[in-house]
Amino acid sequence: MTDRPWLASYPQGVPADVDISAYPSLVALAAESYSKYRDLPAYECMGKSITFGDIDRLSRDLGAWLQTLGLQRGDRIAVMMPNVLQYPIVVGAILRAGFIAVNVNPLYTPRELEHQLKDSGSKAIFILENFAATLQQVIGKTQVKHVVLASMGEMLGFPKGLIVDFVVRRKMVPPYSLPGAVRFAAALKAGAGKRIDEPQLTHSDAAVLQYTGGTTGVSKGATLTHGALLAAVLASEAWLQPALTAKPISTQLTAICALPLYHVFAFVSCSLLALRAGALCVLIPNPRDIPGFVKELSKRKFHLLPAVNTLFNGLLNNPEFAKLDFKELMVSNGGGMAVQEPVARKWKGITGAPIVEGYGLSETCSGVVCNPVTMDTFNGTVGLPMPGVEIRILDDDGNPVPIGTAGEVAIRGPQVMANYWNRPDETAKAMTADGFFKSGDIGILDEQGYLRIVDRKKDMIIVSGFNVYPNE
């Protein structure tokens with residue numbers, strides 16, 4: 001690797017690189033965690049929890065059912081769900097059955113959904129019934145042949161699940177008609193006891209298509225391989241170690257997942273990291289309900305709380321938030337958009353834990369630059385390149401600029417996507433000849449290796465951590 005001046009700024013114990021060779025795929029990493037933490041709760045949502053063993057069993061059943069549909073290895077399956085218990089089961093099933101998961105924003109308009117389903121060539125979709133009316137409008141123009149409908153209440157048990165579904169269907173589910181759609185519970189039941197044929201997956205196999213505006217206004221699928229996602233989760237784990245070992249905790253490690261799982265930040269920093277660490281991932285379906293979110297936080301001790309600036313600010317402006325128990329809070333990761341200094345200062349004052357700001361993109365499996373978790377004060381940078389990552393700052397001709405000079409941030413490392421799905425032209429435009437991904441962000445790298453993002457190369461704004469282009 002080229003000279004990496006930032007390594008001198010690493011906290012003690014954080015490695016320069018991570019070794020992903022122990023796991024041929026994300027499925028292998030998941031299998032280890034399912035076995036190691038079998039009886040521990042893995043996810044909790046609306047008061048109901050499921051264990052690592054439950055996810056193992058249910059994802060196996062669902063994967064076995066998927067293999068009865070006549071799909072081929074590598075076929076794409078869309079997942080259009082908010083943070084609900086079905087999500088980790090569905091993604092686990094898709095990957096272990098040899099298919100590719102396509103994360104879909106449930107709030108997409110029909111036009112956006114049609115584009116993503118057609119572009120990915122998705123053959124099946126798992127969708128929360130709240131959004132089925134949107135799918136109904138476009139399904140006839142896509143290759144989708146199989147629809148699995150989930151509901152908010154079906155995993156919550158009796159009678160709570162029935163009550164939740166009754167209320168949600170009355171208030172939040174528009175009328176829809178999707179003939180032939182299968183219910184999630186029926187799919188699980190149909191796969192129970194069936195044998196799943198788990199294919200041999202490798203680092204270079206695609207695991208997830210993560211759609212992004214990228215550096216232009218056309219939504220493209222970043223092909224995230226098993227190897228790239230392994231590198232991302234192991235680098236995140238290594239980066240967190242100084243915080244995890246600094247403070248004793250009285251309960252199971254607990255991560256609060258209020259960011260949407262279909263967004264790469266939460267997918268890696270909440271779901272995959274919790275899976276790897278044997279942590280409880282508490283799913284918040286609607287973080288915009290700040291009073292409800294704070295009430296959920298009041299029920300437990302929690303240790304990791306990733307968020308975007310707007311969410312940190314929303315919590316701080318709720319008078320009940322300051323009354324919570326923050327004694328065991330270790331890390332509040334900020335990403336998706338710039339963290340504002342007044343927000344960071346107030347957060348540290350109330351919680352005692354700093355907001356550790358980082359930087360990443362869909363094309364890099366989320367965070368590839370992050371401030372040390374040992375930091376004490378807000379510094380206005382997005383931090384240091386994480387294990388295995390190289391950063392270069394390039395001028396308009398693609399040449400490196402001197403330290404302290406602004407230019408386009410370019411990233412190389414095992415976390416970088418394989419390509420843009422079926423877009424060789426866009427892939428070629430985004431990559432340098434020696435394998436650096438050109439982010440479209442303008443940044444400055446200082447002598448210690450800290451990166452500051454100062455501008456955006458293209459006409460784009462960020463709203464709540466999402467790229468929004470003029471044509472949208």
Side-chain angles (χ1 to χ4, degrees), residues 41-50 81-88 105-107 128 130-131 152-153 155-156 160-161 163-164 167-168 171-172 251-271 273-274 279-337 339-340 342-344 346-357 462-466:
Y43 290 88
E44 184 184 312
C45 184
M46 298 170 73
K48 169 74 175 175
S49 67
I50 53 174
M81 291 182 176
N83 291 2
V84 289
L85 291 173
Q86 293 94 327
Y87 182 95
N105 183 339
L107 300 181
L128 196 72
N130 306 39
F131 313 106
M152 285 296 291
M155 298 284 293
L156 303 181
K160 185 176 182 177
I163 296 165
V164 167
V167 172
V168 168
K171 292 185 173 180
M172 298 169 68
T251 58
Q252 180 186 6
L253 186 68
T254 299
I256 303 297
C257 187
L259 299 170
L261 283 169
Y262 56 81
H263 192 287
V264 74
F265 184 11
F267 184 72
V268 173
S269 301
C270 290
S271 190
L273 190 60
L280 171 63
C281 189
V282 179
L283 300 177
I284 309 294
N286 179 21
R288 288 183 176 86
D289 171 15
I290 295 287
F293 183 13
V294 173
K295 191 176 174 188
E296 200 59 47
L297 290 175
S298 72
K299 295 175 184 174
R300 62 181 55 77
K301 289 188 169 74
F302 52 94
H303 310 107
L304 308 173
L305 202 170
V308 293
N309 188 78
T310 43
L311 187 52
F312 285 129
N313 198 35
L315 289 169
L316 290 170
N317 288 328
N318 180 280
E320 296 302 309
F321 179 71
K323 300 174 187 173
L324 299 177
D325 178 359
F326 300 108
K327 283 198 234 18
E328 294 190 11
L329 178 61
M330 296 171 176
V331 178
S332 303
N333 268 102
M337 63 196 300
V339 174
Q340 295 167 331
V343 172
K346 191 174 176 186
W347 185 269
K348 177 81 191 299
I350 287 178
T351 70
I355 293 178
V356 178
E357 189 170 7
I462 297 179
V463 179
S464 296
F466 289 89

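Keep in mind the model is a prediction, meaning the values are calculated, not measured. Residue numbers start at 1 and run along the sequence shown.
Of the inter-residue distances, the one linking Glu296 atom CD with Leu283 atom CG reads 10.0 Å to the nearest 0.5 angstrom. The structure places SG of Cys257 at 8.5 Å from CD1 of Ile284, a figure rounded to the nearest 0.5 Å. Within the model, atoms CG of Leu304 and CD1 of Ile256 stand 9.0 Å from one another, a figure rounded to the nearest 0.5 Å. One finds the CG atom of Asn105 at 14.0 Å from the CE atom of Met81 (value rounded to the nearest 0.5 Å). Summarising the geometry, atom CZ belonging to Phe302 is positioned 11.0 Å from atom OG1 belonging to Thr251; distances are rounded to the nearest 0.5 Å. Between the NZ atom in Lys348 and the OG atom in Ser332 there is a gap of 11.0 Å [rounded to 0.5 Å].
Counting all heavy atoms, side chain and backbone alike, Pro285 lies closest to Met152 at CB-CE, 4.2 Å. Nearest heavy-atom pair, Leu315 versus Phe293, reported as atom, atom and distance to 0.1 Å: CD2-CD2, 3.6 Å. Minimum heavy-atom separation, Asn318 to Ile290: CB-CG2, 3.8 Å.
You'll find the side chain of Asn317 reaches within 4.5 Å of the side chain of Lys346, heavy atoms only. No side-chain heavy atom of Met337 sits less than 4.5 Å from a side-chain heavy atom of Glu357. The closest side-chain heavy-atom distance from Pro306 to Leu259 is below 4.5 Å. Taking 4.5 Å as the limit, every side-chain heavy atom of Tyr262 sits out of range of all side-chain heavy atoms of Asn83. Residues Pro82 and Phe131 form a side-chain contact, since some pair of their non-hydrogen atoms from C-beta on lies under 4.5 Å apart. Taking 4.5 Å as the limit, some side-chain heavy atom of Leu280 sits within range of a side-chain heavy atom of Glu44. For the pair Trp347 and Leu305, the minimum side-chain heavy-atom distance is below 4.5 Å.
Taking the ring centroids of Phe312 and Phe321, they lie at or beyond the 6.0 Å cut-off.
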Exercise for the section: Go through Leu324 and Ser298 one step at a time and tell me if the side-chain contact (heavy atoms from CB on, under 4.5 Å) criterion holds. Expected result: CA-CA 6 Å; Leu324 299 177; Ser298 72; 3.6 Å; yes

Practice task
Could you give me the CA-CA distance, side-chain angles and deciding distance for Glu320 and Lys295, then say whether salt bridge (Lys or Arg N to Asp or Glu O under 4.0 Å) is met?
Solution key: CA-CA 8 Å; Glu320 296 302 309; Lys295 191 176 174 188; over 6 Å; no

Handout entry: Intermediate values then yes/no, side-chain hydrogen bond (donor to acceptor under 3.5 Å, both in side chains), Tyr87 and Ser271
Key = CA-CA 10 Å; Tyr87 182 95; Ser271 190; over 6 Å; no

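The number of heavy atoms from other shown groups lying within 6.0 Å of NZ (Lys327) does not exceed 12. Lys299 NZ: more than 12 foreign heavy atoms inside a 6.0 Å radius.
Partner Glu328 forms a side chain to side chain donor-acceptor pair (under 3.5 Å) with one of Arg300, Lys301, His303 and no other, that one being His303.
Although no hydrogens or angles enter the test, the distance criterion places a donor-acceptor pair under 3.5 Å between the side chain of Thr254 and the main chain of Gln252.
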